[in-house]
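First comes the structure, then the notes that go with it.
This structure is a prediction, so every number in the text was calculated from the model and none was measured. Note that ligands are numbered from 1 as they come in the structure, with each ligand's atoms numbered from 1 the same way. Note that these values count all heavy atoms, side chains included, but never hydrogens, waters or copies made by symmetry.
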Amino acid sequence: MDTLQETKTRVFKFGDKTADGNSKMKNLLGGKGANLAEMNLIGIPVPPGFTITTEVCTEYNLLGQEALVNLITPEVEKAIENIENIMGAKFGDKENPLLVSVRSGARVSMPGMMDTVLNLGLNDEVVLGLAAKTKNERFAWDSYRRFIQMYGDVVLGMKQESKDDIDPFEEIMEALKHKRGIVLDTDFTVQDLKDLCYDFKNAVKKGTGHDFPTDPWEQLWGAVVAVFNSWNGNRAIYYRTMNGYPSEWGTAVNVQAMVYGNMGNNSGTGVCFTRDAGTGENLFNGEYLINAQGEDVVAGTRTPQQITKIGSIRWAELAKIEEEERAKNYPSLEELMPTIYNELNEYQQKLEDHYRDMQDMEFTIQDGKLWILQTRNGKRTGAAMVKIAVDKLKEGSITEEEALLRIEANKLDELLHPVFDTKALKRAHVIAHGLPASPGAATGQIVFFADEAAKFKSSILVRIETSPEDLEGMNIAKGILTARGGMTSHAAVVARGMGKCCISGAGALQINYKTRTLTVDGHEYHEGDWISLNGSTGYIIEGKVATSEPELSGEFAELMKLSDKYTTMKVRTNADSPKDAKVAVKFGAQGIGLTRTEHMFFEADRIKAMREMILSDTIKGRKIALEELLPMQRSDFEGIFEAMAGLPVTVRLLDPPLHEFVPHVLVTQRELAEEMHISLEQVKAKIAELEEFNPMLGHRGCRLGITYPEITEMQARAIIEAALNLKEKGIVAVPEIMIPLIGTVAEFENQAAVIRATADKVFEERNDTIEYLVGTMIEIPRAALIADLIAAKADFFSFGTNDLTQMTFGYSRDDAGKFLPIYIEKGILTSDPFEVLDQQGVGQLVKMGTNKGRSVKPNLKVGICGEHGGEPSSVEFCYNTGMNYVSCSPFRVPIARIASAQAAIKAKA
Ligand code: ADP
Ligand code: MG
Ligand code: MG
């Protein structure tokens, strides 16, 4: 290492209302570390500690453990000393011991990261000192058994990722509980806890072959290194890949003085949100447990109680408990510890004001004193995201631009999914209920193990509780149901982050992983049985329930309106039918960017005529079949033009290879032969003739229209006649006729001439005219290269980035499934170029094509109609390229509108 690196700060201290770092340093200190520092700076009580930077994680990967420890020991020793001074206790001391927690923390919160180790610094002697000092033997031994378990699981790898979820320590505890006839951890006696510590250490010795480390410094370094290692663990890698976070980021490590929520009934711990993370409502809410440490709430071992009274009442209504019983047995923190509650309420307001966004906080009460242990911008559902942004805008605490930038465009997708049909819900058989942990509707087949979530097309993951290993399966499942855990359990928090329907804490469920059964009220359900979850009410329903389209009004509509104010780039839709067109208009589409005419040919009554056209050997035969197709096409166009009344509609002429239309099944081939009065052999021979070695690069696109001009004629006639028919009804239609797969100017000229001649003919016949454009797709790299020459002839360009990506990379989209996932896994590609536009390569062609085109026709209308038109980062690219519009599938229109506004705002900044 050179000297410059040796002199940089690697450890940032915080405590006693001062801090070396602050909230702006998330990249260096991780989100948790940066916010712990910031909270000190604004006067929130936070236990003192320090953060080892994310850069050290990268250094560790290069240097290895020993060199790393040498490198940072002096700084860490000083930082520990600082904690000791503030807390008036000593790390490793037998009489007045300081214990710490070791917490991971990347720049973004990552459920795949290492679990926290609490109570670090304990050993057989220190535990006696802690007991004497606090005069609380029970607490000391409870802390010790927790420490051995956490350190054993997390640092020493004792928890096997086994099918039955066996944590060896849990097994030992369960056995003891069984023997002693108790249910809760809090029922253990001091002797029980001592026995547990003894048994736990033996289990470690047996499991790892080594004694449990007794030296606090050895424990500390073990935990620090485990955090760094977890950055490259499978779970973290999976989460990173899912979210596109680079491996260079690294994680920070936070070491912090322990505060104890397990000191008795005047202590406790909890998690709270400044607003409802499910609905976005402005309601302070959360959960807590008395006499417990942090992990107890999240892990869902005991079902926690509500922080606010109103939350408790709502929960009681759901659980059908009398208010009196509720108040007695399940008091809210507000009722039980009003002073602490008031203080907490003050901090939550202060923190939300300070960060100007909904906060998710952790707190611990040690013997009547409140400590805040974490704050971060809370994960939330798509619906909550929209409501919170709009509400905060109305409250005047953020600007319009900020409100728009707060929206994670892709997350709007959640709002566009169907919801349970209210009528169907009335007839539904509710088998049980749990907490409405993450709203939405989900129907699927039961699976009990996360790694089996892909077993069915729609599955519901049913677990006693979930853990970070289950992440991948939770992502695949349509919904998540857990028997244990509260609104802040792992399952609930992760599901809300994913926008996935989730019900947690459904206590009536008995889940047996071994027999793969779910029993409720004596009724047994098996793997593969259908159930439905209403994540908004917490109701678990037997079988499938019908769904209906979501309502998109209120805050969502306001946000959409706002987005139009900030951008000039329009959002059109890809739609092949009047139905799709109508949906898209409802979502705010400002035109159609792509109508694929071939989709119309696949419908039952048309495919026959289409096949006759393709299989006939003569122009005459083709023309007869085309005569049949003409009125069908015309009425399709009328429907679409009508749905889009007055908005531009781009219609692409026939594009796919003809082989796609012919029958491949013998029965259908025979039928066709009969209808066409030819032999089966002739049909088969013709089909064989159409077969191509490489259809993607074969007889398709404008090549069809050039070889069979009568097809182009029919399509042009259908479009122009449809527009004229609507004109008679007083509806304006603005057709933009698009010629596909152009690679040379002559190709374009050839087809444009056919279209224009046909249009003139129809105008003459009808003695009337309409406005129309003739343009082309830019989807072959050569077209982008000669875009200036094409623009001289074409009225508009539309980038077909699906084919352009395919041909630029040389990846056949239909075959790429075999290697693209591996490319992404190995980091050869960072994302699927068919989903996220490759700005570096394909993007150059798009830019070049646009610029060249506009160099001869400055006002050339340019758009994009590939799948990329609805992907936020690609939309931003299109905006910066100066496109007039993007076009995407109807359900992605709102996403593209937000992305377009965000691109405009970012470009201005
Ligand atoms: P995660 O990122 O999984 O939430 P955390 O590091 O935040 O992990 O810690 C897990 C739990 O342990 C939280 O409830 C947290 O409040 C608690 N915790 C962490 N450090 C301390 C500490 N120094 N004293 C008391 N509780 C702590
Ligand atoms: Mg954790
Ligand atoms: Mg936390």
Which atoms of ligand 1 are found less than 4.0 Å from any heavy atom of Ser101? 19 (C), 20 (N), 21 (C), 22 (C), 23 (N)
Greater than 12 external heavy atoms within 6.0 Å of Glu95's CD: no
Would you call the rings of Phe212 and Phe147 parallel, tilted or perpendicular, taking 30° and 60° as the class edges? perpendicular
Taking heavy atoms and a distance under 4.0 Å, where does Val259 meet ligand 1: side chain, backbone, both or neither? both
Are there over 12 heavy-atom neighbours, none belonging to Asn342, within less than 6.0 Å of that residue's CG? yes
Ala257 contact mode with ligand 1 (heavy-atom cut-off under 4.0 Å): backbone
Contact summary for Thr54 and Trp249, nearest pair of heavy atoms: CB-O, 3.5 Å
Counting only heavy atoms not in Lys177, do more than 12 sit closer than 6.0 Å to its NZ atom? yes
Just jot down the ligand 1 atoms closer than 4.0 angstrom to any heavy atom of Thr116, in number order. 5 (P), 6 (O), 8 (O), 9 (O), 10 (C)
Should you measure from each heavy atom of Lys32, which atoms of ligand 1 turn up under 4.0 Å away? 1 (P), 2 (O), 5 (P), 6 (O), 7 (O), 8 (O)
Do the side-chain N and O atoms of Gln149 and Glu170 include a donor-acceptor pair separated by under 3.5 angstrom? yes
Answer yes or no: are there more than 12 heavy-atom neighbours, outside Lys133 itself, under 6.0 Å from its atom NZ? yes
Quick one: which ligand 1 atoms are inside 4.0 Å of a heavy atom on Leu118? 12 (O), 18 (N), 19 (C), 20 (N), 21 (C), 27 (C)
Neighbouring protein N, O or S atoms of the Mg ion (ligand 3) [cut-off: under 2.8 Å, no waters]: Glu362 OE2, Gln374 OE1
Flag this pair as yes if the NZ/CZ of Arg496 is under 6.0 angstrom from the six-membered ring centre of Phe273 and inside a 45 degree cone about the axis; otherwise no. yes
Decide whether the shortest distance between a heavy atom of Gln256 and an atom of ligand 1 is less than 4.0 Å. yes
Could you tell me which non-hydrogen atom of Thr381 sits nearest to which non-hydrogen atom of Lys411, and how far apart they are? C-CE, 3.9 Å
Checking the N or O distance criterion of under 3.5 Å, is ligand 1 in contact with Gln374? yes
Pair Asn254, Thr51: side-chain N/O donor-acceptor within cut-off below 3.5 Å: yes
Any luck finding a side-chain donor-acceptor pair between Arg314 and Gln306 under 3.5 Å? no
Within a distance under 4.0 Å of any heavy atom of Glu362, pick out the atoms of ligand 1 and give their elements. 4 (O), 7 (O), 13 (C), 14 (O), 15 (C), 16 (O)
Say whether Thr269, considering both its backbone and side-chain N or O atoms, lies within less than 3.5 Å of an N or O atom on ligand 1. no
